[in-house]
Amino acid sequence: MRRRALIVGNWKMNGLIEPACDLADGILFGLGQRADRMLHCEVVICPPATALHALHQRLGSGTLKLGGQNLSEHESGPHTGELCGIMLRNVGCWYVIVGHSERRASGEGNEVVGRKMAAAFRDGLTPIVCVGESLDERERGAAEAVVREQIAALLPHVPDARNKRESLVVAYEPVWAIGTGRNAEPEQIVAMHGFLRALLTEALGAAGEKVRILYGGSLKPANARTILALGDVDGGLIGGAALKATDFLAIIDAVPDEF
Ligand code: 13P
């Protein structure tokens, strides 16, 4: 099954407006030199919300797409400090990360993540839903059980419309690999992505075959070629290495040609 590769940069809480624009300019320039690659690879950056408007002005609706890092499950109203999907759309976002482990760590549970994914679909955004186990869970042999529960909480919220189902993106980000420099081993990635694919096709039928499953966790130029070539790895969700245009572009260059 061929799926269009998806490379997503999660800038987390890094980047004032000017340096964010400089970084985006660097990436955009690099993409311009890789026009053939863009035919089989989609590239998204998720900068801090404060930089989205300026970046939207700069990027328009070109090859480098924008995503939010989080959204509220609500449509509007008295939710101080929150942003809803429509607001993200308003500043040019196509995608939104949902349930990143750094948000789950501050109390966002599976149920909330499911409702946020539903809100993303409702508001016309493509959700990139993060799943993944902690080191303790892996060491206890509970990695699959944890991920199974995370996926199970999403399923009731996946829309019936086939095009929406197929657009879902799941990112496997083992918590112990995030920001540690230690990526998951290829065998661990293959096993978990295969497990995720089986869960998704069992629940969503043929649409589950189309869902893109990204790997995230210390993905960098040095390991990207190996990881992005693995079975059922349809791209990457990148933190640290997304903050330097040359590194991010090197990861894009590592996407296998057969995508
Ligand atoms: P690192 O690439 O810095 O490990 O971060 C991964 C991540 O959390 C992306 O969402």
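Ligands are counted one by one from 1 in listed order, and the atoms in each one are counted from 1 as well.
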Once the angle between the rings of His193 and Tyr172 is folded into 0 to 90°, is it parallel (under 30°), tilted (30 to 60°) or perpendicular (over 60°)? perpendicular
Scan side-chain atoms only and decide if His100 and Glu173 contain a donor-acceptor pair under the 3.5 Å cut-off. yes
Closest to atom 2 (O) of ligand 1 among protein heavy atoms sits Gly239 N, 2.9 Å
With heavy atoms under 4.0 Å as the rule, classify the contact between Ile178 and ligand 1 as side chain, backbone, both or neither. both
Could an N or O of ligand 1 be found under 3.5 Å from any N or O of Ile238, whether backbone or side chain? no
Sub-4.0 Å heavy-atom contact, Gly179 with ligand 1: yes
I'd like to know if the side chain of Lys220 reaches the main chain of Gly181, judged simply by a donor and an acceptor atom lying under 3.5 Å from each other, with no hydrogens or angles considered. yes
Going by atom types alone, do Glu133 and Trp176 pair a side-chain donor with an acceptor below 3.5 Å? yes
Please identify which atoms of ligand 1 are closer than 4.0 Å to at least one heavy atom of Ala177. 4 (O)
Ranked by distance from atom 3 (O) of ligand 1, the top protein heavy atom is Gly240 N, 2.8 Å
Nearest non-hydrogen protein atom, atom 7 (C) of ligand 1: Glu173 OE2, 3.1 Å
Give the residue, atom name and distance (to 0.1 Å) of the protein heavy atom nearest atom 5 (O) of ligand 1. Lys12 NZ, 3.3 Å
Roughly how far apart are Arg225 CZ and Ile251 CD1, rounded to 0.5 Å? 11.0 Å
N/O of His100 under 3.5 Å from N/O of ligand 1, yes or no? yes
Ligand 1 atoms nearer than 4.0 angstrom to some heavy atom of Leu237 are 9 (C), 10 (O)
Whether Asp257 and Arg37 form a salt bridge (side-chain N of Lys/Arg under 4.0 Å from carboxylate O of Asp/Glu) is what I want to check. yes
Under a plain distance cut-off of 3.5 Å, with no hydrogens placed, do Glu42 and Tyr95 share a side-chain donor-acceptor pair? yes
Looking only at distance, does Gly216 have an N or O less than 3.5 Å from an N or O of ligand 1? no
Test: Arg115 and Glu111 ion pair at under 4.0 Å: no
